[in-house]
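One structure is given below, encoded as structure tokens.
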Amino acid sequence: MPIVALLAAATAQPVAEVRVAFDRQGETAVVTRGLADIAANRPVTADDPVRVASISKLVTAIAVLRLVDAKRLDLDADVSDLLGWRLRHPRFPDVPITLRMLLSHRAGIVDGVDYVLPLDAELAPVLADPKAWDAAHAPGTWFAYANLNFPIVASVIERATGERFDRAMQRLVFAPLGIEACYNWASCAPGVSARAVVQYRAGKPTKDDHHGRPPACPVEPARDGSCDLSRWRAGVNGAMFSPQGGLRISARGLAAIGRMLLRRGQGDRGRLLSPRAFALLTTPQWTWDGTNGDTGSDATTGAKQAGFMCRYGLAVTFLATPVRGCRDDPFGDGRMRIGHAGDAYGLRSGLWVDLRRGTGVAYFATDVPVAAATGSAFTPTEERLARGR
């Protein structure tokens, strides 16, 4: 094992860290430490693509709002009309499920079933399982963070556009911003996927260990092991490109999205979101009042992280909620920021912007030690990266 990796293991430090600070004009500081790939002894850079986990949800929401701007989608319409099949909570069949509910984790859906589906799966039967639903709460009445919401959102995008989700994201978000990124690997160039940051837990690869080559299959293979993307049909399997967590993007690419947010919808190459769409994106849909939701669980350990999420919008987290019991401030300064955190396969990530001050930060770390939280419900590694220490 290379010396850097040995030292990381011995001192319980992440294998790789990247932090990009920025303002409305551009980057203000870039810090990189460690290895993108232990076996290759390859140092990590701010341009290397990494699976940023749930920040993927925020970027998916930006595409939804672009389609709302174009009048292709309605946040408050019954999504069943576009899906072509009836999506209903089995205990509350008269309540329509809307994009607003799905994006804000208030649709009554829970991660009680597997949301990582093979290429040849169909989403409708998965949602027909009662274990996919919160038996205690009607849609629109309770916040419970659930990855399964987002394959449904992706299916709606596909039905509205007639495009594969990953290609729709290229057209709606990445190309207009000039960003090299993809959901899963199908729409990234081979040279991009070859630079992937390998993710680790306890020094062992957990994701994207491609050995410097594109992956054999860019999505979850079919149940027979095949990988024929021509089997795709619009809206049938919105989980194929992992809209909830499968975004591969560099920290530098995340910073470009952050600058667009600081500029209130204006990207480096033109306007991405109208003022109305930006206002929708930056308005909380739920705020914890002590009784109206689940404020968080740790994706790695399953342990409760009380106070991790206390305000949430359309796939946007609002930090530093001034409500007793909330511990949603990794910066430790009480200032409201918006963005999203990520946690999967040993990685922790964050994209946070302070709209008032016009500053932001994008970061990730791999093989993050599972350690007790200190001042917030975030890990000490996330607190350190958020604060730039």
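Residues Val192 and Val59 fall into different hydrophobic clusters, defined by Ile, Leu, Val, Met, Phe, Trp and Tyr side chains chained together at heavy-atom separations under 4.5 Å. Using a 4.5 Å cut-off between side-chain heavy atoms of Ile, Leu, Val, Met, Phe, Trp and Tyr, with links allowed through other members, Leu102 and Trp85 fall into the same hydrophobic cluster. A continuous path of Ile, Leu, Val, Met, Phe, Trp and Tyr side chains, each step under 4.5 Å between heavy atoms, connects Leu103 with Leu67, placing both in one hydrophobic cluster. Under a hydrophobic-cluster definition in which Ile, Leu, Val, Met, Phe, Trp and Tyr are linked whenever side-chain heavy atoms come within less than 4.5 Å, directly or via other members, Ile55 and Val173 are assigned to the same cluster. Leu355 is connected to Val20 through a chain of hydrophobic side-chain contacts under 4.5 Å among Ile, Leu, Val, Met, Phe, Trp and Tyr, so both are in one cluster.
Here CZ of Arg24 is found 13.0 Å from CZ of Arg259. Values are rounded to the nearest 0.5 Å. With values rounded to the nearest 0.5 angstrom, Phe92 atom CZ is found 7.0 Å from Thr141 atom OG1. Distance check, rounded to the nearest 0.5 Å: CG of Leu58 to CD1 of Ile338 gives 8.0 Å. Here Ile38 contributes atom CD1 and Tyr200 contributes atom OH; the two are 4.0 Å apart, rounded to the nearest 0.5 Å. Atom CG in Leu247 sits 9.5 Å away from atom CZ in Arg51 (nearest 0.5 Å). Between atom CD of residue Gln244 and atom CG of residue Asn149 there is a gap of 10.5 Å, rounded to the nearest 0.5 Å.
Between the side chain of Glu158 and the backbone N or O of Ala234 there is no donor-acceptor pair closer than 3.5 Å. A distance-only check finds a donor-acceptor pair linking the side chain of Thr161 to the backbone of Ile157 [under 3.5 Å]. A side-chain donor-acceptor contact under 3.5 Å links Thr283 to the backbone of Ala279. With hydrogens and angles disregarded, no donor-acceptor distance shorter than 3.5 Å links the side chain of Asp37 to the backbone of Gly212. Of the possible donor and acceptor atoms, one in the side chain of Arg311 sits under 3.5 Å from a partner among the backbone N and O of Leu319. Looking only at distances, no side-chain donor or acceptor of Asp367 sits under 3.5 Å from a matching main-chain atom of Pro14. A donor-acceptor distance shorter than 3.5 angstrom exists from the side chain of Arg387 to the backbone of Phe331, with no hydrogens or angles considered. Remark: the backbone N or O of Ala135 is paired with a side-chain donor or acceptor of Arg91 at under 3.5 angstrom. The main-chain N or O of Ala160 is found under 3.5 Å from a side-chain atom of Arg72 such that the two form a donor-acceptor pair. Judged purely by atom type and a 3.5 angstrom limit, Asp47 has no side-chain atom pairing as donor or acceptor with the backbone of Ser250.
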request  = Just do the salt bridge (Lys or Arg N to Asp or Glu O under 4.0 Å) check on Arg88 and Asp78 with the steps written out, would you?
outcome  = CA-CA 10 Å; Arg88 286 293 189 274; Asp78 185 345; 2.8 Å; yes
query = Can Arg263 and Asp268 be said to form a salt bridge (Lys or Arg N to Asp or Glu O under 4.0 Å), step by step?
reply = CA-CA 9 Å; Arg263 297 169 183 164; Asp268 290 342; 2.5 Å; yes
inquiry  = Is there a side chain to side chain contact (heavy atoms under 4.5 Å, CB included) between Trp185 and Asp208? Walk through the geometry before answering.
reply    = CA-CA 10 Å; Trp185 290 106; Asp208 290 345; 3.2 Å; yes
task = Apply the test side chain to side chain contact (heavy atoms under 4.5 Å, CB included) to residues Glu220 and Leu117: give CA-CA distance (whole Å), side-chain angles for both, the deciding distance (0.1 Å), then the verdict.
result = CA-CA 7 Å; Glu220 193 71 19; Leu117 304 181; over 6 Å; no
request  = May I have the step-by-step check of side chain to side chain contact (heavy atoms under 4.5 Å, CB included) for Ile249 and Ile257, ending in yes or no?
outcome  = CA-CA 11 Å; Ile249 190 171; Ile257 293 172; 3.9 Å; yes
request  = Let me see the working for Tyr363 and Glu382 under side chain to side chain contact (heavy atoms under 4.5 Å, CB included), right down to the final yes or no.
outcome  = CA-CA 8 Å; Tyr363 59 78; Glu382 291 167 286; 4.1 Å; yes
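Phe364 is linked by a ring pair (Phe, Tyr, Trp, His ring centres under 6.0 Å) to nothing, counting only residues two or more places apart in sequence or in another chain.
Between Gly360 and Leu262 the shortest heavy-atom distance is N-CD1, 4.2 Å. When all heavy atoms of Asp74 and Asp76 are compared, the pair lying nearest together is OD1-N, 2.9 Å. Residues Thr32 and Ala46 share a closest heavy-atom pair of CG2-N, 3.8 Å. Of all non-hydrogen atoms in Val316 and Leu281, the two that sit nearest each other are CG2-O, 3.4 Å. Between Gln199 and Ala344, the shortest heavy-atom contact is NE2-O, 3.3 Å. Pairing each heavy atom of Pro218 with each of Asn184, the nearest pair is O-CB, 3.1 Å.
By the 30° and 60° cut-offs, the orientation of the rings of Tyr145 relative to Phe143 is tilted. The aromatic rings of Phe308 and Phe378 sit tilted relative to each other, their planes meeting at an angle between 30° and 60°.
Residues Cys182 and Gln170 have side chains in contact (heavy-atom distance under 4.5 Å, counting atoms from C-beta outward). Put simply, the side chain of Val156 does not reach to within 4.5 Å of the side chain of Phe165, judged on heavy atoms. For the pair Trp133 and Ile109, the minimum side-chain heavy-atom distance is below 4.5 Å. Side-chain atoms of Phe150 and His105, non-hydrogen and from C-beta on, do get closer than 4.5 Å to each other. No side-chain heavy atom of Ser56 sits less than 4.5 Å from a side-chain heavy atom of Ser242. With contacts defined as side-chain heavy-atom distances shorter than 4.5 Å, the pair Val79/Leu99 qualifies. Side-chain atoms of Val15 and Val198, non-hydrogen and from C-beta on, never get closer than 4.5 Å to each other. With contacts defined as side-chain heavy-atom distances shorter than 4.5 Å, the pair Asp343/Ser54 does not qualify.
A donor-acceptor contact closer than 3.5 angstrom is absent between the side chains of Arg201 and Thr206. For the residue pair Thr28 and Asp23, no side-chain donor N or O sits within less than 3.5 Å of a side-chain acceptor on the partner. A side-chain donor from one of Arg106 and Ser104 sits under 3.5 Å from a side-chain acceptor of the other. Side-chain contact annotation: Ser230 with Asp228, donor-acceptor N/O pair under 3.5 Å present.
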Result block: side-chain N/O donor-acceptor pairs under 3.5 angstrom for residues 118-127, not counting sequence neighbours:
| unit_1 | atom_1 | unit_2 | atom_2 | d |
| --- | --- | --- | --- | --- |
| Asp120 | OD1 | Arg223 | N | 3.1 |
| Asp120 | OD1 | Arg223 | NE | 3.3 |
| Asp120 | OD2 | Arg223 | N | 3.4 |
| Asp120 | OD2 | Arg223 | NE | 3.2 |
| Glu122 | OE2 | Arg233 | NH2 | 3.3 |

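Aromatic ring centres of Tyr312 and His340: separated by under 6.0 Å.
Salt bridge annotation for Arg335-Asp333: absent, with no cationic side-chain nitrogen under 4.0 angstrom from a carboxylate oxygen.
Partner Val64 forms a side chain to side chain contact (heavy atoms under 4.5 Å, CB included) with one of Leu172, Asp69, Leu280, Leu75 and no other, that one being Leu75.
Within the structure, every pair that satisfies the salt bridge (charged side-chain N to carboxylate O under 4.0 Å, His left out) test and touches residues 160-189, not counting sequence neighbours, is listed here: Glu163-Arg171, Arg164-Asp166, Glu180-Arg195.
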